[in-house]
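One structure, pasted below without further comment.
Here is the naming used below: chain letters follow the sequence lines, and residue numbers restart at 1 for every chain.
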There are 2 protein chains.
Amino acid sequence: MESRRRGRPRSFDREAALAQATLLFWERGYEATSVADLTRVMGIGPPSLYAAFGDKRALFEEVVDSYGHAFGAFAARALEQEPTTRAGVARMLREAAEEYTRPGRPRGCLVISAATNCTSEEVEGALRERRNATVRDIQRRIEHDISTGELPEGTDARVLAVYVGAVVQGLSQQARDGATRAELEAVAAAAMSAWP
Amino acid sequence: MESRRRGRPRSFDREAALAQATLLFWERGYEATSVADLTRVMGIGPPSLYAAFGDKRALFEEVVDSYGHAFGAFAARALEQEPTTRAGVARMLREAAEEYTRPGRPRGCLVISAATNCTSEEVEGALRERRNATVRDIQRRIEHDISTGELPEGTDARVLAVYVGAVVQGLSQQARDGATRAELEAVAAAAMSAWP
DNA sequence: GTCATTCCATAGCGACCACTACAGAAATTG
DNA sequence: CAATTTCTGTAGTGGTCGCTATGGAATGAC
């Protein structure tokens with residue numbers, strides 16, 4: 001017979017605590033968020049945090065994964081569901097303008113902003129690799145659309161992909177700097193008029 | 001008669017020390033740079049730093065000013081010297097691609113990246129205000145060009161200015177993420193094809 | 001020379017950092 | 001019931017943070 005785990009059970013909701021940690025890391029970034037800040041918003045003591053999540057860095061990695069599924073999935077969804085890369089990128093930019101300015105949550109993108117100026121090269125590098133992987137994914141889709149004739153033959157796929165990445169990062173930064181949703185949606189539309 | 005200052009003279013080059021501090025803040029950001037790091041690269045002890053510059057934050061403010069004159073002036077120069085805002089922005093983006101990837105110095109823009117995720121709201125806000133002031137300056141130039149007919153009447157000056165700001169910030173971030181000068185110059189050119 | 005002034009090097013301040021030792025509390029096992 | 005296991009709250013650990021007290025060194029004034 002399967003039995004429940006022995007010993008004293010955990011006295012807090014792990015998922016809820018993870019969600020609170022996500023919001024705090026999202027708003028303040030990795031290094032500016034202290035373990036004391038985390039335990040306060042998670043409503044637990046330091047030993048509970050370390051027992052449940054390992055250490056600050058492991059918690060952050062779990063936060064990044066959780067964020068990618070909950071808040072960052074719109075981008076992959078847009079690229080996947082639209083029939084062309086052009087339509088996918090247009091939708092991704094439009095939804096980014098909306099997601100990055102949604103009331104009641106931190107502005108901008110955690111993957112873009114949470115590990116800049118980070119003492120730990122591993123943490124900063126992990127998020128950089130995520131960003132660059134997205135740019136490479138877009139580049140591959142552009143290359144595919146060039147091969148099918150959907151995009152003109154002379155198109156530089158890498159440059160166009162970096163342009164899209166730069167616009168997304170710019171939207172995140174502008175959202176953090178106070179731009180409104182309507183402004184960023186118009187910026188996203190304007191950015192698409194550079195599409196070949 | 002004017003006499004030299006009394007007492008023991010300073011035993012280091014203040015400008016050279018400020019330049020070293022600029023490079024370090026540029027590369028690592030405000031909070032990730034410790035006073036111990038600064039005194040090491042500046043070649044002085046902590047009391048000399050505090051006597052010459054006040055405290056860490058005052059030193060950073062002086063660094064930001066110095067950076068603005070030495071490394072950030074290309075943007076204002078481009079906007080000022082070109083006959084139209086279009087030409088000014090095009091030159092600014094082209095030169096940003098070059099400046100942000102120049103070998104032998106940190107990548108990207110200090111004003112954009114050095115105070116993100118900063119515990120001190122004043123420091124982060126000061127750089128945000130600089131960024132937003134640049135966007136407002138571009139907006140004013142666009143409005144002027146609309147009034148002279150250089151730009152079409154229906155142009156949304158604020159949105160176009162935010163677009164330019166987002167592209168510049170995206171170029172800085174992409175430079176930090178490893179994009180090459182050639183790639184960013186091509187991105188800058190592509191971004192201009194969204195100009196009305 | 002002597003004094004006043006200014007700067008420098010050492011050494012260390014309290015505060016906060018990520019993290020943990022320890023003991024008691026709450027569950028299952030028998 | 002007692003024994004075992006697991007988690008929790010308190011109270012710290014050593015280390016680094018920005019910053020400074022102190023005493024001696026290097027200058028100009030006289």
Side-chain angles (χ1 to χ4, degrees), chain A residues 1-18 20-21 24-25 28-64 114-115 117-124 126, chain B residues 1-18 20-21 24-25 28-64 114-115 117-124 126:
Chain A
M1 290 286 289
E2 282 291 324
S3 66
R4 288 147 85 182
R5 297 217 319 279
R6 301 202 311 176
R8 178 174 174 175
R10 185 178 287 131
S11 66
F12 62 95
D13 182 338
R14 194 181 188 278
E15 291 304 308
L18 185 64
Q20 292 301 312
L24 204 60
F25 274 131
R28 302 192 189 175
Y30 176 71
E31 290 215 312
T33 304
S34 73
V35 172
D37 294 332
L38 289 165
T39 56
R40 198 183 55 251
V41 303
M42 296 165 90
I44 61 179
S48 299
L49 187 153
Y50 283 86
F53 299 101
D55 60 5
K56 184 186 174 183
R57 185 173 148 192
L59 169 60
F60 182 69
E61 288 173 6
E62 204 165 328
V63 158
V64 172
N117 301 134
C118 193
T119 303
S120 160
E121 188 53 50
E122 289 99 1
V123 172
E124 185 157 1
Chain B
M1 291 286 288
E2 283 289 324
S3 66
R4 286 148 87 180
R5 298 217 317 282
R6 301 202 311 173
R8 178 174 174 175
R10 184 178 288 129
S11 66
F12 62 94
D13 182 338
R14 194 181 188 278
E15 291 304 309
L18 184 65
Q20 291 302 311
L24 203 59
F25 275 131
R28 300 191 190 175
Y30 176 71
E31 291 216 311
T33 303
S34 73
V35 172
D37 295 331
L38 289 165
T39 56
R40 199 184 55 250
V41 303
M42 296 164 90
I44 61 179
S48 299
L49 187 154
Y50 282 85
F53 299 99
D55 59 6
K56 183 186 174 183
R57 186 174 146 192
L59 170 60
F60 182 70
E61 288 173 5
E62 203 164 329
V63 158
V64 172
N117 301 133
C118 193
T119 303
S120 161
E121 189 53 49
E122 289 99 1
V123 173
E124 185 157 359

Exercise for review: Of all the heavy-atom pairs spanning A:T39 and A:G45, show the shortest one and how long it is.
Suggested key: CG2-C, 3.9 Å
Practice item. Would you mind reporting whether A:D37 and A:R40 have side-chain heavy atoms less than 4.5 Å apart? Key: yes
**Study point:** From OG (B:S120) to CZ (B:F60), nearest 0.5 Å
**Key:** 9.5 Å
Review point. Distance from A:R14 atom CZ to A:S48 atom OG, nearest 0.5 Å?
Key: 12.0 Å
**Study point:** Verdict with supporting geometry, B:L18 and B:L59, side chain to side chain contact (heavy atoms under 4.5 Å, CB included)
**Key:** CA-CA 8 Å; B:L18 184 65; B:L59 170 60; 3.8 Å; yes
Review point. After noting the C-alpha distance and the side-chain angles of A:I44 and A:L38, does the key distance pass the side chain to side chain contact (heavy atoms under 4.5 Å, CB included) rule?
Key: CA-CA 9 Å; A:I44 61 179; A:L38 289 165; over 6 Å; no
**Study point:** Separation of atom CZ in A:R14 from atom C1' in D:dC7, rounded to whole Å
**Key:** 14 Å
Check your understanding: Where along residues 31-55 of chain B does a heavy atom fall under 4.0 Å from DNA chain D?
Key -> B:T33, B:S34, B:V35, B:P46, B:P47, B:Y50, B:D55
Exercise for review: Please state how far atom CG in A:L59 lies from atom P in C:dC19, giving the value in whole angstrom units.
Suggested key: 10 Å
Exercise for review: Quickly work out the B:F12 CZ to C:dC8 C1' distance and round it to whole Å.
Suggested key: 10 Å
Name the pairs: protein N/O against N/O of nucleotides 1-5 of chain D, kept only if under 3.5 Å.
none

Exercise for review: Over 60° means perpendicular and under 30° means parallel, so classify the ring planes of A:F25 and A:Y30, tilted if in between.
Suggested key: parallel
Exercise for review: For residues A:N117 and B:E31, determine if any side-chain heavy atom of one lies less than 4.5 Å from a side-chain heavy atom of the other.
Suggested key: no
Point to revise | A:R28 CZ - C:dC16 C1' separation (whole Å) | key: 14 Å
